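Computed from a predicted model, the values in this text were never measured in an experiment.
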Amino acid sequence: MQKTLKSHGTWIGKWTFVLAATGSAVGLGNIWGFPYKAGTEGGAAFVLIYLLCIIIIGIPIMISEILIGRRSGNSPINSMKKSAIDSNRSSSWQLVGWIGISAGVLILSFYSVIAGICLNYIFIAASSSGEISASEQFASVIQSPISLMIWHTVFMFLTFLIVSAGVKDGIGRMVKILMPMLGLLLIFMVLYGIVKGDFSKALLFLFTPDFSNIGTNTFLSAMGQAFFSLSLGMGSIMAYGAYMPKDQEIVSTSFSVGSLDTLVAIMAGLAIFPIIFAFNLEPGSGPGLVFISLLSAFNQMEFGQLIGAIFFILLSVAALSSSISILEPGVAFISEERIASRTSSALIISFLCWVVGIGTVFSFNIWSDYYPLPDKNFQETIELISVQILQPLGGMLIAIFVGWFMNESIIKSELGDLNPVFYKLWRFFIRYIAPSSVAFIFISQLL
């Protein structure tokens with residue numbers, strides 16, 4: 001096999017990829033999405049279905065993305081193109097890379113605005129005296145276009161700074177700081193929940209099986225959470241795979257990332273719900289759980305200003321570890337095509353995300369009555385196109401390409417000395433189960 005030049009560098013140390021990929025997977029959706037869904041859709045029954053979906057959908061697609069990226073050492077667009085040509089297939093498979101990068105730009109445009117609110121809430125929580133209600137506080141934040149723009153700009157600038165510094169000095173160095181920091185903050189919040197919260201009620205809420213709540217929607221929700229929480233289908237994992245050393249095992253690494261991602265999601269539930277139940281707040285309030293319910297709890301508790309600030313630092317760290325992975329695929333493509341330097345490439349993509357994000361800023365206030373699609377404001381329209389259409393479409397096409405079109409000798413050379421039984425199982429999942437499951441997610445999201 002022809003030796004491939006790693007055009008952007010390689011991760012230093014085998015755990016750097018695991019930390020980076022876990023950082024990509026762990027985001028705002030993990031911190032509130034997984035616990036919320038687990039609690040309202042069957043508790044332990046949902047958790048078991050979710051874990052099954054991680055194993056039969058998430059990890060097979062993750063393995064596929066990593067092996068495509070590592071073999072070529074390039075951005076998702078060029079990785080797909082090279083893999084297709086080397087497998088005697090049409091170079092038009094590079095369209096999958098374009099789908100991923102497009103999804104990433106659109107996702108980061110609104111993600112940055114929400115993450116900016118998290119940054120703002122570090123200071124709000126630290127200085128909140130409870131004189132105005134948490135719901136009034138949140139309303140005042142989202143109704144100010146200037147405030148949202150400032151924090152959106154700050155968050156995008158932080159993301160730009162890290163990615164522009166490169167794979168080793170930027171992303172690699174930061175994930176070694178951000179991910180241990182995330183872990184320590186989570187452990188602190190869980191311990192606080194054990195000591196000061198209603199921890200036993202939280203355990204029952206998350207881990208008591210309620211099979212009466214299990215239905216088609218539960219399976220769909222678990223499949224969607226498993227797919228989206230691992231950042232699949234938008235090029236981030238493929239781009240990070242391009243920087244993986246050749247002597248690192250893809251399969252065991254993928255299982256490590258899936259396990260850590262799930263552990264963080266469960267710990268988030270054990271950090272949030274003891275506080276929610278201790279103050280008799282509503283656990284099923286979705287995104288409002290973070291900015292309204294929890295701030296209300298922090299306002300009432302001893303040392304609430306400190307605990308609240310720590311919690312929103314935790315959220316911001318999770319958001320930043322995800323945002324750098326979303327920005328990287330587009331930056332990698334522009335810089336490797338010699339269109340611009342890495343710094344200029346990061347500036348171009350960051351600016352594009354920032355500009356589109358202005359629409360999300362306005363959708364909370366001056367464009368709140370503007371609906372590009374029926375019953376969907378600007379932010380919801382962008383989310384529909386990126387998260388509900390482009391991302392699952394990308395994941396489905398990756399599974400189809402690797403399962404049906406990629407040369408099997410290439411796959412085996414990347415996966416190394418793999419157990420034959422496990423290889424056959426993975427081939428079965430990537431050919432039949434993963435693409436049909438993602439297609440099911442894709443169609444149901446549209447409907």
Quiz item: How far apart are the C-alpha atoms of Met244 and Ile250, what are their side-chain angles, what is the distance that settles it, and do they pass the side chain to side chain contact (heavy atoms under 4.5 Å, CB included) test?
Solution: CA-CA 9 Å; Met244 183 193 274; Ile250 292 175; 4.1 Å; yes
Exercise. Verify side chain to side chain contact (heavy atoms under 4.5 Å, CB included) between Leu203 and Leu270, making sure each step is shown before the conclusion.
Key: CA-CA 7 Å; Leu203 285 174; Leu270 296 176; 3.7 Å; yes
Exercise. Starting from the C-alpha separation in whole Å, work towards a yes-or-no answer on side chain to side chain contact (heavy atoms under 4.5 Å, CB included) for Ser128 and Phe298.
Key: CA-CA 9 Å; Ser128 181; Phe298 296 139; over 6 Å; no
Exercise. Please test Trp426 against Leu415 for side chain to side chain contact (heavy atoms under 4.5 Å, CB included), starting from the C-alpha separation and ending with a verdict.
Key: CA-CA 11 Å; Trp426 172 77; Leu415 294 183; 4.0 Å; yes
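For the pair Ser164 (side chain) and Leu161 (backbone), a donor-acceptor distance under 3.5 Å is present. Looking at Glu65, its side chain never comes within 3.5 Å of a backbone N or O of Ile398 through a donor-acceptor pair. Between the Ser102 side chain and the Trp98 main chain, a donor and an acceptor come within less than 3.5 Å of each other. Remark: side-chain polar atoms of Gln225 are not paired, donor with acceptor, to backbone N or O of Ala222 under 3.5 angstrom. Judged by distance alone, the side chain of Ser109 and the main-chain N or O of Val356 form no donor-acceptor pair under 3.5 Å. At distances below 3.5 Å, not a single donor-acceptor pair connects side-chain atoms of Ser221 with backbone N or O atoms of Thr218. Judged by distance alone, with hydrogens and angles left aside, the side-chain atoms of Ser64 form no donor-acceptor pair with the main-chain N or O of Val402 at under 3.5 Å. Side-chain atoms of Glu336 never come within 3.5 Å of backbone atoms of Phe333 as a donor-acceptor pair (strictly under, hydrogens ignored). Counting only distance, with no hydrogens or angles, the side chain of Ser83 and the backbone of Met80 share no donor-acceptor pair below 3.5 Å.
In this structure, CD on Glu41 lies 9.0 Å from CG on Leu220, to the nearest 0.5 angstrom. In this structure, CG in Asn365 is found 7.5 Å from OG in Ser144, a value given to the nearest 0.5 Å. The OG1 atom of Thr262 sits 6.5 Å away from atom CD1 of Ile266, with the distance rounded to the nearest 0.5 Å. For the atom pair CG (Leu418) and CG (Leu425), the distance works out to 10.0 Å, reported to the nearest 0.5 Å. Distance check: Ile276 CD1 to Lys201 NZ gives 11.5 Å after rounding to the nearest 0.5 Å. For the atom pair CD1 of Ile171 and CG of Leu327, the computed distance is 8.0 Å after rounding to the nearest 0.5 Å.
Between Phe205 and Phe277, the distance separating the two ring centers is shorter than 6.0 angstrom. Aromatic ring centroids of Phe291 and Tyr121 lie under 6.0 Å apart.
Ring orientation note: the planes of Trp367 and Phe362 are nearly perpendicular, at an angle over 60° on the 30°/60° scale. Taking the six-membered ring where tryptophan is involved, the planes of Phe351 and Trp354 are essentially parallel, since the angle between them stays under 30° and well short of 60°. Ring planes of Phe46 and Tyr50: parallel class, angle under 30° (limits at 30 and 60°).
Salt bridge status for Glu328 with Arg342: present, with a side-chain N to carboxylate O gap under 4.0 Å. Checked for salt-bridge contact, Glu383 and Lys376 miss the test: no charged N lies under 4.0 Å from a carboxylate O.
Between Pro435 and Ile430, the shortest heavy-atom contact is CD-O, 3.2 Å. For Leu28 against Ala115, the heavy-atom pair with the smallest separation is CD1-N, 4.2 Å. Across Ser79 and Asn74, no two heavy atoms sit closer than the pair OG-O, 2.9 Å. Here the closest heavy-atom approach between residue Ala103 and residue Leu390 is recorded as CB-CB, 3.7 Å. Closest non-hydrogen pair, Pro392 versus Val387, comes out as CD-O, 3.0 Å. When all heavy atoms of Phe110 and Gln379 are compared, the pair lying nearest together is CD1-NE2, 3.8 Å.
Side chains of Phe17 and Arg70 form no contact here, defined as non-hydrogen atoms less than 4.5 Å apart. Looking only at side-chain heavy atoms (C-beta outward), Ser293 and Phe279 stay at 4.5 Å or farther from each other. Annotation: side chain of Met238 is not in contact with side chain of Pro329 (no heavy-atom distance under 4.5 Å). No side-chain heavy atom of Lys82 sits under 4.5 Å from any side-chain heavy atom of Gln94. The side-chain heavy atoms of Lys196 and Ile275, taken from C-beta on, include no pair separated by under 4.5 Å. Side-chain atoms of Pro274 and Tyr192, non-hydrogen and from C-beta on, never get closer than 4.5 Å to each other. Under the 4.5 Å side-chain criterion, counting only non-hydrogen atoms from C-beta, Ser322 is not in contact with Ser24. A heavy-atom distance below 4.5 Å is found between the side chains of Val290 and Phe312.
Considering Ser112, Ser350, Ser323 as possible partners of Thr159, the one that fulfils the side-chain hydrogen bond (donor to acceptor under 3.5 Å, both in side chains) test is Ser323. Only one option out of Leu314, Leu320, Ile313 pairs with Val317 in a side chain to side chain contact (heavy atoms under 4.5 Å, CB included); it is Ile313.
Under the 3.5 Å distance criterion, with hydrogens and angles disregarded, no donor-acceptor pair is assigned to the side chains of Asn299 and Gln305. A donor-acceptor contact closer than 3.5 angstrom links the side chains of Ser135 and Ser133.
Atom CZ of Phe157 has 12 or fewer heavy atoms from other residues, nucleotides or ligands within 6.0 Å.
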